[in-house]
2 protein chains.
Amino acid sequence: MARSTGHSRPVIKDVAKLAGVSAPTVSRYLNGTVKVSEEKRARIAKAIEELGYEPSVVARALSNREMDTVVVFAANPEAFSTSETNHGVERAARACRFLMNIVSLDESDMDSVEARVRMGLSVRPAGAIVYQYDRAGIKALDYLPKDLPLVVVGGGFGDADRQIVNAEREAGRWMTMHLLDMGHETVFHVTRPKGPTDNTRTDGWHDALKERGAVIHEPIVVSRDLEEAVEAGRRLGERDDVTAVFAGDDETAIAVIRGLKEQERQVPDDVSVVGFDDRNFASMWSPALTSYGQNYLEMGQRAFRMLYEQVKAKRDGVEPPDPRVEVVEGQPALRASETVYVPWR
Amino acid sequence: MARSTGHSRPVIKDVAKLAGVSAPTVSRYLNGTVKVSEEKRARIAKAIEELGYEPSVVARALSNREMDTVVVFAANPEAFSTSETNHGVERAARACRFLMNIVSLDESDMDSVEARVRMGLSVRPAGAIVYQYDRAGIKALDYLPKDLPLVVVGGGFGDADRQIVNAEREAGRWMTMHLLDMGHETVFHVTRPKGPTDNTRTDGWHDALKERGAVIHEPIVVSRDLEEAVEAGRRLGERDDVTAVFAGDDETAIAVIRGLKEQERQVPDDVSVVGFDDRNFASMWSPALTSYGQNYLEMGQRAFRMLYEQVKAKRDGVEPPDPRVEVVEGQPALRASETVYVPWR
DNA sequence: CTGAAAGCGCTTACAG
DNA sequence: CTGAAAGCGCTTACAG
């Protein structure tokens with residue numbers, strides 16, 4: 001096929017003429033909505049091939065009232081979870097020949113959320129996926145038309161009818177329990193701000209301590225600036241009742257370890273530290289960092305598939321599958337940054 | 001404004017009727033292409049407000065022949081550079097009320113590149129941004145219509161008329177020279193596969209060694225699987241002529257360090273190791289990793305702005321700005337993982 | 001400055 | 001199974 005000049009993109013009429021049929025027939029051939037005679041199918045196929053014809057999704061969208069596009073609303077574009085999930089959505093969408101539009105939400109400017117959502121909807125997407133790892137995502141929900149296929153990713157269980165969640169609270173609980181099981185009397189927690197739902201690693205940490213009747217120290221909240229986590233590590237290192245720390249993510253964990261070291265506290269000998277997310281670098285760390293991996297990529301893929309079911313059903317005029325919440329499991333990765341606590345002092 | 005039901009979205013005709021004007025007048029008001037009388041402007045504004053009218057970008061695109069959309073073609077969606085650049089493009093696009101479509105290319109399936117590009121073009125984007133960090137990106141260029149505004153990100157200098165590049169070769173040269181300047185007789189190189197251009201960190205490494213007349217050992221190529229880099233570190237650790245290693249990225253660097261340690265080779269005392277990209281975790285490492293930071297976010301933003309200039313000029317019917325290549329500087333971050341080499345043995 | 005008309009490239013009843 | 005006609009919601013010459 002010759003390189004397109006952009007001026008002479010063939011349109012359906014060109015195909016029809018070359019194949020000796022009408023434009024609607026070509027359309028029917030393309031969409032498979034109505035049977036087209038075998039003989040014409042062949043002629044049309046040939047014409048399309050010859051012309052290098054590609055239907056205009058724009059024109060199609062104007063007729064169909066929607067595009068083969070999924071719009072993703074997400075805050076914190078720099079977060080690991082966001083970019084991994086995006087990647088998953090894109091991959092699954094591509095397989096269905098859907099395009100993905102990403103519209104970033106800005107948590108620090110909640111007033112802009114409505115405008116952003118309108119912008120995202122302006123292309124008449126077939127459906128929307130909203131990441132509910134944060135408040136902006138939750139607010140976005142308010143502005144989506146109720147008849148638009150929707151899947152929520154993350155957030156609390158049952159926050160939406162159709163949802164892909166990770167068992168994050170359970171994971172946080174698991175990690176904390178793991179430390180408690182090793183003999184630590186309590187577990188400190190350093191984390192970036194907790195999400196707005198009750199299904200967070202922080203909630204799970206709290207659950208475990210409460211369940212065991214351990215002392216619950218206020219979580220230390222840090223920003224993405226790792227220096228804050230280092231400082232948190234230093235402060236924790238000054239206290240001798242600190243023997244175990246659950247960091248809300250791997251970056252924070254290694255920063256805390258650094259702060260601890262500055263106070264001559266060794267990991268894991270003096271203090272056990274575990275992270276969360278199981279980033280690539282976690283296993284390379286010294287000591288190799290114990291962490292809990294979440295499958296954000298998988299979540300993104302599943303989110304698109306769940307959305308696509310709805311889109312398909314809507315287009316076929318059948319009932320959509322029943323609402324449901326799918327849980328994507330993560331898994332702990334036990335390594336060398338935590339160890340049993342022996343209260344010999 | 002009431003929550004949209006999706007069924008009754010007002011259209012331009014509704015606005016026209018309510019304002020007592022014709023649809024074209026509303027259109028002119030919206031686009032500012034032709035003067036509209038003050039009195040009608042007010043009535044139209046009021047009608048739009050009252051109805052909560054939002055123009056259909058799809059219909060507009062069908063008339064205008066293009067959407068306010070930029071399509072990004074990128075391979076390696078999981079790469080740090082890709083997701084950071086995406087983020088930059090999205091941010092700049094959003095400021096101009098442009099939407100971003102991401103179409104991933106698959107390096108392992110070069111045959112699919114043409115289809116992917118066609119898919120991306122099917123929305124009639126106003127322009128395209130292609131990341132040329134890899135072969136798939138380069139190939140994508142062949143399928144873009146020549147009259148479509150285009151900006152290439154990354155790649156070799158002058159690979160395209162309009163381009164945002166980082167001085168990667170120079171950076172690789174700088175890091176290698178830095179090690180050489182500290183007395184190391186040569187510098188070993190462990191890296192993920194080199195990009196297809198001649199503006200890579202690996203090329204810069206080679207430049208420096210050649211310039212200084214140092215021995216040039218074949219680069220050790222590893223995949224994203226960090227175990228391979230650990231293994232590379234082990235092998236390097238077995239040789240006593242290894243005193244300095246330039247890793248192609250920070251993840252590889254820390255994996256190499258791990259391998260080195262397994263062979264009882266300390267960093268930086270026995271071997272100096274430097275990374276590339278200056279990821280968040282680099283400064284947290286023990287020893288803090290020397291690295292070279294690239295501003296991918298900035299590159300993404302600039303790429304969109306450069307594209308937008310062209311789009312704007314085209315729409316205004318004026319000459320586009322002259323082609324140019326912009327270089328986005330990075331900066332070295334010197335830390336603790338390298339040190340002077342004293343040949344006392 | 002403004003309206004009636006035609007067109008962007010498809011799809012979908014409507015009649016065969 | 002298939003074609004002629006109308007319509008999706010805008011914009012742009014074309015005449016005032």
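Naming: A, B, ... by sequence-line order, numbering from 1 per chain. Note: hydrogens, waters and symmetry copies are ignored here, and every other heavy atom, side chains too, is used.
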field: Under-4.0 Å side-chain N/O to phosphate OP1/OP2 contact, A:K40 with D:dC1
entry: no
query: Side-chain N or O of A:S37 less than 4.0 angstrom from OP1 or OP2 on D:dT2?
result: yes
field: Contacts of type side chain to side chain contact (heavy atoms under 4.5 Å, CB included), residue A:K312, not counting sequence neighbours
entry: A:Y308, A:D316
message: Using the side chain to side chain contact (heavy atoms under 4.5 Å, CB included) criterion, which residues pair with A:E39? Sequence neighbours excluded.
response: A:S37, A:R43
- line: Every stem of 3 or more Watson-Crick or G-U pairs under 3.5 Å that DNA chain D joins, in order of first number, is C:1-3 with D:14-16, C:5-12 with D:5-12, C:14-16 with D:1-3
Pairwise C1' distance for D:dT12 and D:dG16, with rounding to whole Å: 16 Å
field: Distance-only donor-acceptor check, side chains A:Y131 and A:N76, under 3.5 Å
entry: no
- request: Apply the side chain to side chain contact (heavy atoms under 4.5 Å, CB included) test between B:V70 and each candidate in B:I129, B:I102, B:N101; give the one that qualifies.
  value: B:I129
- request: At under 4.0 Å between heavy atoms, which parts of nucleotides 7-16 of chain C does protein reach? Answer with one letter per nucleotide, 5' to 3': B base, S sugar-phosphate only, - none.
  value: BBBBSBB---
query: Which heavy atom in A:Q163 sits nearest to a heavy atom in A:V151, and how many Å separate them?
result: CA-CG1, 4.5 Å
message: For B:R124 versus A:S56, what's the shortest heavy-atom pair and its separation?
response: NH2-CB, 4.1 Å
- prompt: Residues in side chain to side chain donor-acceptor pair (under 3.5 Å) with B:D68, at least two apart?
  reply: B:R315
message: Applying ring pair (Phe, Tyr, Trp, His ring centres under 6.0 Å) as the test, list every pair that has at least one member in residues 26-46 of chain B; sequence neighbours left out.
response: none
